[in-house]
Structure formats: C-alpha cells, structure tokens
Amino acid sequence: MSDVTLRQLEYFAAVAETQSVTNAARLCHVSQGAVSLALGQLENALGVPLALRHRGRGVALTPEGQEVAKRARLITEQVEQLRLAVLHTHTGLSGRLSIAVFSTVAVHVMPHLIEWFASKHPDIKLGFVEGNGPEIQQALVSGRAQLSIGYQAQFGEGCETELIHEFHRRVVLSPNHPLADFEEISFAQLAQYPAAFLSLEPALQFTLAEFERYDVQANVGWLMSSVPAIHSVVGRGLAYSLLMQPTESSMENRPLVFRPLADKTSSNSLVAAMPLGIDRSAMVNEALACLRAQWA
C-alpha cells in the first residue's frame with residue numbers, strides 16, 4: 001500500500017464538502033486534474049473506492065468515503081491548527097525560549113535577560129543551558145537551544161553569529177603585584193610571573209596561542225574553571241590572569257586592577273549564535289534587542 005499524503009486528504013475533504021471535483025479544485029486553487037489525480041491516488045493507497053463520479057451530477061461518497069472524509073477534515077483542521085500555533089510561536093512573544101550561555105558570561109547576561117523578559121514579556125518562559133564552548137554549540141545545533149551566547153571563537157560551522165560587544169583580554173592583577181604600576185603590560189613581562197588561567201576550551205588554547213605569537217611561554221601556575229576562583233587567587237597576589245570582563249574586587253572583597261596589553265591581540269567578541277539558515281523568531285529577536293541594549 002502506498003503512503004497517504006496530506007495533500008490527498010486536503011483535496012478529498014474539499015471534494016466531500018463541495019460534492020464536486022470542479023468545485024473542490026476552485027476551493028483548493030488547483031486544477032481539476034490535480035484533484036482527480038489526488039482522489040485516484042488516495043483510493044489506490046487505501047484500496048477502496050471513496051467516491052462515485054456521476055457526469056453532470058457531481059460526486060457521491062461511498063460509505064468508506066464518508067468515513068475517510070470525516071477523518072480527513074479532522075486531520076486537515078489539526079494541521080492548520082498546528083500551522084497557526086507555530087506561526088504564533090514564531091511571530092508572537094509568548095512561549096518558551098531556551099538560551100545556551102557560555103558559563104563565564106552567564107553571570108553577565110542571564111540576570112539582564114531574566115529582568116528584561118519578566119518586565120516586558122511575562123508570557124515568555126526563559127530556560128538556560130550553561131556550558132563550555134562545545135556544549136553551547138551542541139545545544140544550538142541539536143535544537144535544545146534557539147539561541148546561544150558566547151565568544152566568537154567558540155562557534156563553528158552550522159551557526160551564524162551577530163556581534164553583541166567587542167572585547168579584548170586584559171591583565172587582571174592585585175594592586176600589590178609588581179606589574180600593577182605599569183599602564184600597559186607585554187606578554188614578555190607576564191611570562192616572568194605565575195598565571196591563573198581559565199581552563200575552559202577554547203579559552204585556554206586561545207590564551208596560550210597569544211603568548212606563542214610573541215615567542216614567549218606563559219608560566220601557568222593554576223588552571224581553573226571558575227572566574228570567581230581566579231579573582232580570589234589574583235586578589236591574594238598569588239597570580240595574574242587574562243580575562244574579558246572587568247570587576248573591581250574578588251568575592252573576598254580584595255581589590256583588583258585591570259591593565260591593557262601592550263602587545264596587539266585579537267579580539268574575541270561576545271556574540272549571539274543562531275542555527276544557520278533558520279529564520280529568527282520574534283522571541284530570539286527580542287533577546288538580541290535585550291543584549292544589544294545591555295552594551296549600548
């Protein structure tokens with residue numbers, strides 16, 4: 001038995017409604033031949049006659065045809081309801097919006113997004129997936145998230161990105177660190193002191209590559225997955241670090257200072273990523289507006 005198609009059911013429901021192949025064709029905005037072909041294919045697929053054609057007197061449904069017509073109407077109505085529901089979700093500002101966020105930027109973007117949607121669009125329920133670079137990209141391409149927020153270097157094929165804000169790594173130090181008095185600091189200067197670096201990839205690889213670019217090797221004292229932990233180690237004067245987001249103090253209330261790098265470095269901008277080739281929904285566009293406003 002061949003497959004039954006939605007188009008066949010749609011045309012047959014129109015035949016049942018109008019009792020005429022000609023009028024069904026007008027109702028569906030197709031040719032009479034297209035309706036006749038679909039009717040014949042549906043009968044072949046189901047293995048029974050569904051309609052008796054009477055020249056000049058229209059169409060009469062068989063008992064089997066009456067049963068199929070009832071179910072065809074139900075199916076086509078449900079499909080139309082599905083289409084409208086999807087359209088409302090895509091164009092409307094209600095429903096669920098799942099956002100994947102790189103763990104180190106979650107503290108900066110999640111509170112702003114939650115406050116924005118709670119005050120402006122309370123009918124939207126936000127969900128978040130936090131993770132490292134590969135995890136937030138996988139959440140995006142697998143459909144677990146409709147939007148992903150992280151740094152440019154974390155997204156590869158299958159994604160399109162939109163710039164949110166351009167960042168450059170800066171040196172974070174205790175005010176008592178020997179390099180704290182310099183207005184700018186080179187990689188060669190940093191190589192003389194122990195570092196506490198973020199262990200999450202591709203951040204670590206990106207950082208170490210910057211040192212190699214200037215023919216120096218970083219003295220990596222500690223690798224950590226937590227930015228607050230790095231802040232605490234740096235605040236105690238035990239290491240320096242290279243981070244994107246400035247803050248005045250560690251969680252232990254020890255002061256921190258940020259200095260620009262004297263050497264030219266590549267930017268690693270904060271971006272929003274979306275699946276390639278997928279139209280952005282109204283909810284995704286609203287999230288992008290929120291992020292742009294945060295760094296305006």
When hydrophobic residues are tied together by side-chain contacts of less than 4.5 Å, even through go-betweens, does [X] share a cluster with [Y]?
X: W295; Y: M244; value: yes
X: V109; Y: I136; value: yes
X: F211; Y: M224; value: no
X: L74; Y: L46; value: no
X: F182; Y: V234; value: no

Exercise. What orientation do F258 and H231 show, parallel under 30°, tilted 30 to 60°, or perpendicular over 60°?
Worked result: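 Perpendicular, since the angle between the ring planes exceeds 60°.
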
Exercise. In terms of ring plane angle, is the pair F167 and H165 parallel, tilted or perpendicular, where the classes change at 30° and 60°?
Worked result: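 Aromatic pair F167/H165 classed perpendicular.
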
Okay, side chain of [X], backbone of [Y]: is any donor-acceptor separation there less than 3.5 Å?
X: S269; Y: V271; value: no
X: S225; Y: S199; value: no
X: E184; Y: P260; value: no
X: Q19; Y: A16; value: yes
X: E43; Y: L50; value: yes
X: R53; Y: A51; value: yes
X: S232; Y: S250; value: no

Exercise. Between I99, L140, L97, which is the residue that forms a side chain to side chain contact (heavy atoms under 4.5 Å, CB included) with Q146?
Worked result: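 For Q146, the side chain to side chain contact (heavy atoms under 4.5 Å, CB included) test succeeds with only one of I99, L140, L97, which is L97.
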
Just wondering, are more than 12 heavy atoms of other shown residues or ligands nearer than 6.0 Å to [atom1] in [X]?
X: E115; atom1: CD; result: no
X: Q66; atom1: CD; result: yes
X: R259; atom1: CZ; result: yes
X: Q217; atom1: CD; result: no
X: R254; atom1: CZ; result: yes
X: R71; atom1: CZ; result: no

What heavy-atom pair brings [X] and [Y] nearest, and what distance separates the two atoms?
X: A191; Y: N219; result: O-CB, 3.8 Å
X: W116; Y: A289; result: CH2-O, 4.2 Å
X: A239; Y: A196; result: CB-N, 3.7 Å
X: L147; Y: A272; result: CD1-CB, 3.9 Å
X: A218; Y: L208; result: CB-CD2, 4.1 Å
X: V4; Y: A45; result: CG2-CB, 3.9 Å

Problem set entry | Spatial distance of atom CG (N23) from atom SG (C28) [nearest 0.5 Å] |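 Here the rounded value is 11.0 Å.
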
Exercise. Are L179 and V171 side-chain neighbours, meaning at least one heavy-atom pair lies under 4.5 Å?
Worked result: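 No - every pair of side-chain heavy atoms lies 4.5 Å or more apart.
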
Exercise. With a 4.5 Å limit on heavy-atom distance, are the side chains of R7 and Q41 in contact?
Worked result: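 The answer is no, as the side chains (C-beta and beyond) never meet within the 4.5 Å cut-off.
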
For this session: Report the C-alpha separation of S103 and E130 in whole Å, then their side-chain angles, then the decisive distance to 0.1 Å, and conclude whether the side-chain hydrogen bond (donor to acceptor under 3.5 Å, both in side chains) test is met.
Result: CA-CA 5 Å; S103 56; E130 295 181 61; over 6 Å; no

For this session: State, without any angle test, whether T207 and R169 hold a side-chain donor-acceptor pair at a distance under 3.5 Å.
Result: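 Side-chain D/A pair, T207 to R169: present.
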
Exercise. What do you reckon, are the aromatic ring centroids of Y214 and F187 less than 6.0 Å apart?
Worked result: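 Centroid distance Y214-F187: below 6.0 Å, so yes.
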
